2 protein chains.
Amino acid sequence: MAKKDESAAETRHYGGRGDPVRSMELLWGTSPGPRSRGPKQGLTVERIVQAGIEIADAEGLAAVSMRRVADRLGVGTMSLYTYVPSKAELVDVMFDRAIGTAARPEVEGGWREKLTAVARSEWDLYRRHPWLLQVMAMSRPPLGPNSIAGYDHQLRAVDGVGLTELEMDSVVSMVGVYVQGTARAAAEAAASARDTGQTDDEWWSVYAPLLEKVFDADKYPVAARVGAVAGETYQSAYDATHGFEFGLARILDGVESLISSRR
Amino acid sequence: MAKKDESAAETRHYGGRGDPVRSMELLWGTSPGPRSRGPKQGLTVERIVQAGIEIADAEGLAAVSMRRVADRLGVGTMSLYTYVPSKAELVDVMFDRAIGTAARPEVEGGWREKLTAVARSEWDLYRRHPWLLQVMAMSRPPLGPNSIAGYDHQLRAVDGVGLTELEMDSVVSMVGVYVQGTARAAAEAAASARDTGQTDDEWWSVYAPLLEKVFDADKYPVAARVGAVAGETYQSAYDATHGFEFGLARILDGVESLISSRR
DNA sequence: TCCCTTGTCGTACGTTGTACGGAATTTGGT
DNA sequence: ACCAAATTCCGTACAACGTACGACAAGGGA
């Protein structure tokens with residue numbers, strides 16, 4: 001990397017690379033007790049995970065390096081490897097523990113109220129821990145206790161409304177995919193602002209006049225018309241919060257028509 | 001990195017870091033002509049971009065390093081920097097050029113047929129160039145000619161159906177967010193399979209028995225019931241294609257109820 | 001012809017994850 | 001009580017990354 005990290009690179013992570021048995025022990029805290037021989041351990045996996053989460057929250061997943069985590073805990077870098085087999089497993093556990101902080105309210109009312117609450121709670125989670133969106137966890141998710149609990153909570157929102165099990169799973173993952181996508185836009189905007197010291201407004205005010213020079217409004221009349229209105233309204237290329245509430249209502253309307261058709 | 005790149009890290013990129021004027025010139029091909037003095041240039045920006053796209057298609061965005069691109073073109077690494085100010089700008093141009101390969105069919109019929117075609121064409125694009133999903137382009141997208149043309153094409157699907165400009169933009173970005181999310185799941189599955197030499201099925205058959213040991217079916221009865229059915233059906237944690245078509249139909253139902261309410 | 005601009009690219013630096021091996025520490029066996 | 005085995009801790013080293021810097025070569029304008 002160049003000095004002062006001017007480079008535009010972030011890191012993504014996916015897990016499931018190491019020993020599956022070891023991974024699951026880490027995730028579920030079922031590691032065998034301390035061995036009898038040798039020095040006492042000065043750290044715990046959970047303390048390491050917390051340090052990683054704090055760095056990721058403050059500076060993004062790219063700032064979470066083994067050296068940074070070790071420094072924060074006042075130990076040598078390589079000491080971490082006696083607790084965690086690799087960075088991939090560490091990120092997996094960070095992922096599950098952060099998921100565990102999601103609010104899982106038991107909402108009164110019908111499926112729509114419940115599913116709205118599920119979506120909002122996931123949205124809040126991603127606002128608090130935006131780096132979760134950089135962990136590749138759609139296929140092969142870390143199968144930790146909190147991820148499982150979250151899956152169950154989501155499903156209960158649409159239980160007993162006349163959908164098949166398959167439809168329940170599909171509805172829940174459809175809403176999840178949508179929330180993640182919208183949260184990702186918000187997270188990117190925040191990360192860009194943090195890393196460049198420039199808000200989206202400022203960015204746009206630089207690029208808008210440059211775009212006007214090359215953009216042919218006669219060739220793309222619809223984009224010109226809509227873009228003008230959208231640009232004025234959002235004061236930025238994409239307003240995440242507006243998009244989230246609007247799209248969520250639309251999606252739930254879609255789910256409603258599915259549920260009605262089943263009755 | 002460890003030898004043989006066993007590490008579980010992928011790279012993400014976001015642009016808009018360098019000189020905005022230079023960025024736009026690169027994107028729109030409006031760079032000033034060749035200077036009269038000095039040696040002839042042996043390459044073009046477009047050749048470099050093509051090489052980058054080929055590597056990204058075959059091995060993912062993480063494999064696109066300046067050294068790899070230069071090697072493929074038979075030049076020294078640093079020569080690339082006379083064409084492109086940094087890797088961030090190179091990725092921005094790769095992004096726009098890949099977007100340009102999307103099919104933008106002019107579909108007969110109503111908005112639903114058109115919007116379905118838009119979604120499917122975007123889905124196909126992400127299947128051909130999965131690395132596009134790793135370019136952070138939701139806020140501050142590269143404002144290149146192909147991205148603009150794509151935006152116009154998407155909007156035309158819902159033009160003249162009674163929605164406001166703001167609603168048109170929101171509907172289009174809602175569908176886009178959804179397609180990207182589903183495509184991301186598919187891309188992650190493919191990337192995992194490529195990097196680990198293990199299909200999702202194989203992965204699941206390793207983890208399922210381990211999960212069974214720690215999972216408490218009495219505590220999470222809904223997850224147990226739905227998970228069993230979903231697991232049997234998908235033969236994997238998440239089937240992207242099924243999810244895509246199902247969710248798209250649901251979302252379009254939601255859009256339909258919005259459009260009806262406007263008539 | 002000479003000079004000055006421009007393109008090419010070898011070298012070097014600071015960053016990353018982590019393999020390796022030596023030192024220090026604690027305990028079980030005797 | 002003492003030794004060896006087991007275990008933790010961690011300094012060093014390596015290959016990869018993006019790219020700053022500067023030396024060298026190429027070629028048109030004077």
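All values reported here derive from a predicted model rather than from experimental measurement. These values consider heavy atoms only, across backbone and side chains, with no hydrogens, waters or symmetry-generated copies. We name chains A, B, ... by the order of the sequence lines, and we start the count at 1 in each one.
Between B/M78 and B/P39, it is B/P39 whose nearest contact on DNA chain C lies nearer the 5' terminus. Comparing A/G76 and B/Y81 against DNA chain D, the residue whose closest nucleotide sits nearer the 5' end is A/G76.
B/R68 has its CZ atom 15 Å from the C1' atom of D/dA15, to the nearest Å. In this structure, CG of B/L43 is placed 16 Å from C1' of C/dT6, rounded to the nearest angstrom. Atoms CG (A/L73) and P (D/dT8) sit 17 Å apart, rounded to a whole Å. Residue A/I48 contributes atom CD1, which lies 12 Å from atom C1' of D/dC9 at whole-angstrom precision. The NZ-P distance, from B/K87 to D/dA16, rounds to 15 Å in whole Å. Following rounding to the nearest Å, A/L80 (CG) and C/dA19 (C1') show an atom-to-atom distance of 15 Å. Rounded to an integer number of Å, the gap from A/E89 CD to C/dT18 C1' is 13 Å. Rounded to whole Å, atom C1' of C/dT15 lies 15 Å from atom CD of A/E59.
The side chain of B/T82 places an N or O atom within less than 4.0 Å of a non-bridging phosphate oxygen (OP1 or OP2) of C/dT8. Between B/Y83 and the phosphate of C/dT8, there is a side-chain N or O to OP1/OP2 separation shorter than 4.0 Å. Distances shown here put every side-chain N or O of B/K40 at or beyond 4.0 Å from the OP1 or OP2 atom of C/dT8. Contact annotation: A/S65 side-chain N/O to C/dT16 OP1/OP2 distance is under 4.0 Å. Between B/R67 and D/dC17 there is a side-chain N or O to OP1 or OP2 distance below 4.0 Å. One finds a side-chain N or O of A/S79 lying less than 4.0 angstrom from the OP1 or OP2 phosphate oxygen of D/dC10.
Comparing C/dG17, D/dG18, D/dT8 by their nearest atom to the side chain of A/Q41 picks out D/dT8. When the nucleotides C/dG7, D/dA6, D/dT19 are ranked by their closest atom to the side chain of A/R37, D/dA6 comes out on top.
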Practice prompt. Could you please spell out the steps behind the side chain to side chain donor-acceptor pair (under 3.5 Å) verdict for B/S86 and B/E89?
Written response: CA-CA 6 Å; B/S86 82; B/E89 274 85 357; 2.5 Å; yes
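Residue B/T77 is classed as a base contact, given a heavy-atom separation below 4.0 Å to a base.
The residues B/E46 and B/R97 are annotated as salt-bridged, a charged nitrogen and a carboxylate oxygen being separated by less than 4.0 angstrom. Between A/R128 and A/D57 no salt bridge is recorded (no basic side-chain N to carboxylate O distance below 4.0 Å).
Counting heavy atoms from C-beta on, the side chains of B/L210 and B/F215 never come closer than 4.5 Å.
Looking at B/D152, its side chain does come within 3.5 Å of a backbone N or O of A/A223 through a donor-acceptor pair.
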